[in-house]
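A quick write-up on the structure given underneath.
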Amino acid sequence: MTKLTDTAERPGGEDLIGKISLPGVFALDGSSEAMWVDVIHRMEEVYSELLRNETDLERKNAELEEAQTFISSVVASVSDILIACGSDGVIRKVNPAFLTLVGLEEATVIGTRIFDYVVETDRKEAERLMSAGQEGRVLEGDLHFRAAAGREECLAMRCAALFDGRRRRFGAVLTGRPISELRQAYQALHQAHLDLQRAQRKLIEQEKMASLGRLVAGVAHELNNPISFVYANIYTLDRYRKNLVSYLNAVHEGAGDDQIAELRKRLKIDAILADIAPLLEGTIEGADRVSDIVKNLRRLSFSETAERRPVDLDRVLRNSAHLATRAKNSRASLTIDSDPDLFIDAHEGQIHQVVVNLIDNALDAVANRADGKVHLSARRRGKAVELVVSDNGPGIAEAEMSKVFEPFFTTKDVGEGTGLGLWISFTIVQDYDGEITVNNNADGGAEFHVILPLSS
Ligand SMILES: Nc1ncnc2c1ncn2[C@@H]1O[C@H](COP(=O)(O)OP(=O)(O)O)[C@@H](O)[C@H]1O
Ligand SMILES: [Mg+2]
């Protein structure tokens with residue numbers, strides 16, 4: 001602003017003075033002219049101050065408008081419903097999502113109470129939510145709203161207190177999200193899950209029954225053979241007994257030598273006497289086989305309650321290999337290569353069983369080969385041991401790879417295989433948190449890998 005202090009320097013020609021020139025009204029002497037100039041000067045100051053304030057205000061107003069447009073567009077684009085109301089529940093502001101929900105215009109809604117839109121049975125809950133007060137505390141709950149077209153919509157609500165500039169609570173803000181659809185989807189999912197569980201249980205049950213059926217059939221088949229020859233032997237023994245009784249009766253009744261000799265020949269007494277021992281042996285063997293089968297069956301339940309102890313894997317490998325080759329009378333060459341000091345916390349019998357099963361199978365696989373080879377290796381793999389049993393037999397067909405661990409899967413002739421060996425091995429290994437897998441090796445033979453955790 002131009003400073004006008006010295007009027008003497010700016011005689012009558014000054015703009016402002018010229019504008020307010022009052023010729024002939026007052027006779028302006030030097031001092032009153034100075035006064036006027038001062039007044040005019042002040043007015044000019046006030047005027048420009050006003051101008052400045054006005055631009056300032058206009059700028060602030062523009063900023064405010066911009067902020068408001070921004071907030072409004074944010075509120076409008078929120079897909080959740082938003083209701084701001086006073087402590088009495090009177091609605092001050094809502095967003096378009098709420099208007100869409102209730103199917104009403106904003107003007108109709110403002111000034112009504114939130115309780116007008118909540119179903120009667122949820123009124124208490126609405127009041128509870130509205131009581132959200134303590135600073136920062138947000139209350140949550142579900143409310144059923146009377147939605148457009150007579151529908152009812154359930155919303156998951158969150159309610160926070162509204163504060164004025166002096167931190168005094170004057171109302172509440174509620175936000176809500178429709179959950180009817182979500183809940184329906186959840187219920188459908190839950191139902192599907194239940195159905196699936198039921199179907200699965202049924203399947204497992206069916207599988208159990210089928211498995212049991214196969215087990216019974218397998219056992220019956222296994223038992224059939226020894227039992228039938230025990231029976232046959234006993235019938236023969238009974239026949240022998242009758243001959244012996246006839247013969248002894250004749251002897252006791254004092255028959256003549258010729259008669260006795262004739263009887264001895266006709267009743268085949270010598271052959272009978274020679275046959276009794278092997279017959280009894282065979283019968284005992286049959287009974288032993290029955291007993292073995294029962295023992296094996298018992299093992300199937302695996303109720304090992306005793307404590308596990310560190311088992312020397314190398315010793316188990318050597319023992320099992322020795323027993324298995326002896327039992328099978330195998331010509332195959334069997335090699336063992338194991339790292340030292342491999343101990344597993346286990347029941348030795350179970351580890352033995354797994355190893356014997358694998359060696360047995362490998363020996364069976366190479367039984368028809370003149371150059372049959374079975375190789376066992378045990379290697380430390382961090383905190384576990386990897387046992388590999390590999391052979392140079394025919395290997396396992398791709399289609400059968402996944403089946404070999406199933407109970408009763410066998411490609412062996414009746415009486416030679418039960419199809420339980422690998423299944424039992426699988427169960428045992430699983431029990432020890434281990435893993436058993438199979439693949440064919442470079443020679444085309446099968447290669448079983450067993451991973452077991454080492455003793456800590
Ligand atoms: N080393 C192997 N080489 C080829 N086939 C094998 C081998 N080991 C197992 N199998 C296959 O897996 C099947 C199941 O084995 P297993 O469960 O031990 O039962 P089983 O020996 O009584 O048949 C065998 O019948 C055989 O077909
Ligand atoms: Mg087997």
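These numbers come from a predicted model, not from an experiment. Whatever order the structure lists ligands and atoms in, that order sets their numbers, starting from 1. No hydrogens, no waters, no symmetry mates; every other heavy atom, side chains included, goes into these values.
Geometrically, R308 engages Y432 in a cation-pi contact, judged by NZ or CZ lying under 6.0 Å from the ring centre and within 45° of the ring axis.
At a threshold of 4.5 Å between non-hydrogen side-chain atoms, the residues L244 and I272 count as touching.
Listed by chain and number, residues touching ligand 1 at under 4.0 Å (heavy atoms only) are N361, A362, A365, D391, G395, I396, V404, F409, T410, T411, K412, G417, T418, G419, L420, G421, L422, A446, F448.
For T335 and H375, the side-chain atoms include at least one donor-acceptor pair closer than 3.5 Å. Side-chain N/O atoms of D195 and Q191 include a donor and acceptor closer than 3.5 Å. Side-chain contact, H449 with E447: a donor N or O sits under 3.5 Å from an acceptor N or O.
For the ring pair (Phe, Tyr, Trp, His ring centres under 6.0 Å) condition, the pairs that include at least one residue of residues 95-122, sequence neighbours left out, are F98-Y117.
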Mind listing the side-chain donor-acceptor pairs of residues 274-285 below 3.5 Å, one per line with the distance, residues two or more places apart or on another chain?
unit_1: D275; atom_1: OD2; unit_2: Y240; atom_2: OH; d: 2.5
unit_1: T283; atom_1: OG1; unit_2: N233; atom_2: ND2; d: 3.0
unit_1: T283; atom_1: OG1; unit_2: L279; atom_2: O; d: 2.6

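A side chain to side chain contact (heavy atoms under 4.5 Å, CB included) with L317 holds for exactly one of I359, L387, V389, D312; it is L387.
No donor-acceptor distance shorter than 3.5 angstrom exists from the side chain of S338 to the backbone of S377, with no hydrogens or angles considered.
For the Mg ion (ligand 2), protein N, O or S atoms closer than 2.8 Å were enumerated as N361 OD1, with waters left out.
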